[in-house]
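Note that the coordinates shown come from a computational prediction; the quantities given were computed from them, not determined experimentally. Reckoned from all heavy atoms, side chains included, excluding hydrogens, waters and symmetry mates.
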Amino acid sequence: MHPDLSVDLCARLRDAFLNAGYTADGVVDALGPQAHAALGRGEPEPARRASRDAGTLGTLIRLFLLGDQEPEQDVRKALDGVDIDDAVKNEILTKDLKAGLDVRPYEDNWWVIADLDSDLRGGAVPEDHVLGVGHASISLARATRRTPVGTLLDLGTGCGVQALHASKHAGRITATDLSQRALRLAQGTFRINGLDVETLQGEWFGPVRNRRFDQVVCNPPFVVGPPRVDYVYRDSGLGGDDASALVIRQLPAFLNEGGVGQLLASWLHRKGEDWAERVSGWLPRGGLDAWFVQRDIAEPALYVGTWLKDAGVDPRSPEGQRKAAAWLDWFEENQVEGVGFGYVTLRRTDEMHSEVVCEDLRHAYDDPLGPEAGRWLDNVAWLRENPDLLGHRFRVADTVLLEEVSEPSEEGWRKVVARLHRTDGPGWQHEVDEATAKLVAGCTGALPLEDLLSLLEFAYGEIDAEAALPIVRDLIRHGMLIPA
């Protein structure tokens, strides 16, 4: 049996939460920045102390965020208007009135309903565990383009986080999942937030066969390893990186013309193999712009240990040792040297020429990647429509700097490297030679590129225009040169 979080139950919960101030802002205000930060680190005691004088809000914080058992009269007061028997029957509360589900405020006065994590459960999660808001789901939300669309598919919705974010820019939302439990909790998430979302159960794209959407978002079960399913939220039953490959191969067929798909994905780094060639080989031929952004590469031992701990499995326990051994054996047998992780943006296009770019973005940055993904798609479209760059004028983006690194020498400082650095967004950097630096400096919007190259050739000697154009295209794609 899975919970059935009815419209009425969710509406009563929402009213109780609003009356108590159990919102994202309300929790921060009640705890203060230090206790709230400690809670985020998994240190509950400061939050427990800070919530003592917070009335019904404090009760809800200790109940749902700390996993404490609160006095029955306090729980009933905090959940005034909620049928407690109904809440127990549908797992919101346990019979002894502790939290049965993870019900927590999230971002823009939303709430998310998921299963309790391993810390609050006090042990490993079950196979059908429904993950709450985690690092991966937040990363995908930040990497998603938010241009208004008519229809959006959230493939593998889990607890419904991506659909929540989509409600701000999509007219109609469809959410699918293989797990019936996940769909039940996602329906609760949608109902408690007053959202009308179509939910469909089934494997991969099966529930939406023969349909197309303006946008598809997907946080798939992308964990790489042997073909098994320990936990449905992360394991697909497919071996290696076949889950990511399957989504990337099939997704374009479910996009309208000009539609965009965005997902998290993992890929193998195998001995003697280029990761970019591997992931590019998953794409259908033509009619698709694709941008693969690699954010991290994990060596096998770290990867295995991280995912064991994520599920609450102690790597030192007999179960943890057995699983780690089988996992690492599989990596060795398949010559896996590392596991890449990142974002994939796809756009369906009927144009003859499509753009496929694979690049590393492993340095730290603060700005969300979603706006950058939108700019990348716009810039790629502009380049396709304007193949002859020589006749166009460009200007340098206001946030671009030229950085030079020098080292001491017998004659003084000797320049070692010069690079263009965009200081906003993902902070793109390009190493450049002296000629390219001068060319970019001349891009003030006054002269077309062809004239700038001629002036440089007159002043500094021969300039290889053919060599300069690919660099200019890269700078345009990365928003460092802007058509004037």
* Might you work through the salt bridge (Lys or Arg N to Asp or Glu O under 4.0 Å) test for Glu372 and Arg422, ending with a clear yes or no? => CA-CA 12 Å; Glu372 189 69 16; Arg422 197 180 123 195; 2.7 Å; yes
* Asked: Can you list the steps and then say if Arg76 with Asp74 is a salt bridge (Lys or Arg N to Asp or Glu O under 4.0 Å)?
  -> CA-CA 5 Å; Arg76 291 185 178 276; Asp74 291 348; over 6 Å; no
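- Ring geometry for His478 versus His430: interplanar angle of 30 to 60°, hence tilted.
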* List the steps, then state whether side chain to side chain donor-acceptor pair (under 3.5 Å) holds for His269 with Glu337. => CA-CA 6 Å; His269 282 250; Glu337 297 179 326; over 6 Å; no
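- At most 12 heavy atoms of other shown residues, nucleotides or ligands fall within 6.0 angstrom of atom CZ in Arg49.
- Of the charged side-chain nitrogens involved, at least one lies within less than 4.0 Å of a carboxylate oxygen, so that Glu198 and Arg211 count as a salt-bridged pair.
- Here Ile113 contributes atom CD1 and Leu13 contributes atom CG; the two are 6.5 Å apart, rounded to the nearest 0.5 Å.
- A donor and an acceptor atom, one from each side chain of Gln187 and Thr199, are located under 3.5 Å apart.
- Other residues, nucleotides and ligands place more than 12 heavy atoms under 6.0 Å from the CD atom of Gln201.
- Here the CG-CD1 distance, from Leu66 to Ile61, works out to 7.5 Å after rounding to the nearest 0.5 Å.
- Taking the charged nitrogens against the carboxylate oxygens, Arg184 and Glu91 have no contact shorter than 4.0 Å, which rules out a salt bridge.
- A salt bridge does not link Asp314 with Lys309: every distance from a Lys NZ or Arg NE/NH1/NH2 to an Asp or Glu carboxylate oxygen is 4.0 Å or more.
- Of the possible polar contacts, none joining the Trp376 side chain to the Thr345 backbone as a donor-acceptor pair under 3.5 Å is found.
- Thr94 is linked by a side-chain hydrogen bond (donor to acceptor under 3.5 Å, both in side chains) to Asp96, counting only residues two or more places apart in sequence or in another chain.
- Using a 4.0 Å cut-off between charged nitrogen and carboxylate oxygen, Asp289 and Arg347 count as a salt-bridge pair.
- In this model, a donor atom of one side chain and an acceptor atom of the other lie less than 3.5 Å apart for Asp214 and Asn256.
- A distance of 6.5 Å separates CG of Leu346 from CG of Leu283, quoted to the nearest 0.5 Å.
- For the 3.5 Å distance criterion, the side chains of Arg62 and Ser51 qualify, holding a donor opposite an acceptor.
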* Asked: Step by step, would you call Thr157 with Asp154 a side chain to side chain donor-acceptor pair (under 3.5 Å)?
  -> CA-CA 6 Å; Thr157 190; Asp154 177 9; 2.6 Å; yes
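- Neither side chain, Asn19 nor Asp15, offers a donor N or O lying under 3.5 Å from an acceptor on the other.
- The pair Glu431-Arg419 does not meet the salt-bridge criterion, since no charged nitrogen lies less than 4.0 angstrom from a carboxylate oxygen.
- Between Glu70 and Lys98 there is no salt bridge, since none of the side-chain N atoms of the basic residue sits less than 4.0 Å from a carboxylate O of the acidic one.
- The number of heavy atoms from other shown groups lying within 6.0 Å of CZ (Arg41) is above 12.
- Comment: Asp367 does not engage Arg142 in a salt bridge, judged by the lack of any side-chain N to carboxylate O separation of less than 4.0 angstrom.
- Comment: Asp83 does not engage Arg12 in a salt bridge, judged by the lack of any side-chain N to carboxylate O separation of less than 4.0 angstrom.
- Side-chain contact check for Glu355 and Trp291: no donor-acceptor pair (N or O, by modelled atom type) lies under 3.5 Å.
- Of all heavy-atom pairs spanning Asn193 and Asn109, the tightest one is OD1-O, 4.1 Å.
- Look at Asp117 and Arg121 and you find no salt bridge, because none of the NZ, NE, NH1 or NH2 atoms lies under 4.0 Å from a carboxylate O.
- Between His165 and Tyr106, the ring planes are perpendicular. Angles over 60° get that label, and only those under 30° would be called parallel.
- The line from CD of Gln429 to CG of Leu420 is 10.0 Å long, rounded to the nearest 0.5 Å.
- The aromatic rings of Phe222 and Phe341 sit tilted relative to each other, their planes meeting at an angle between 30° and 60°.
- Cation-pi check for Arg228 over Trp327 is met; the charged atom lies under 6.0 angstrom from the ring centroid and within 45 degrees of its normal.
- Aromatic rings of Tyr231 and His129 (six-membered ring for Trp) have centroids beyond the 6.0 Å cut-off, not under it.
- Within a 6.0 Å radius of NE2 in His363, more than 12 heavy atoms belonging to other residues, nucleotides or ligands are found.
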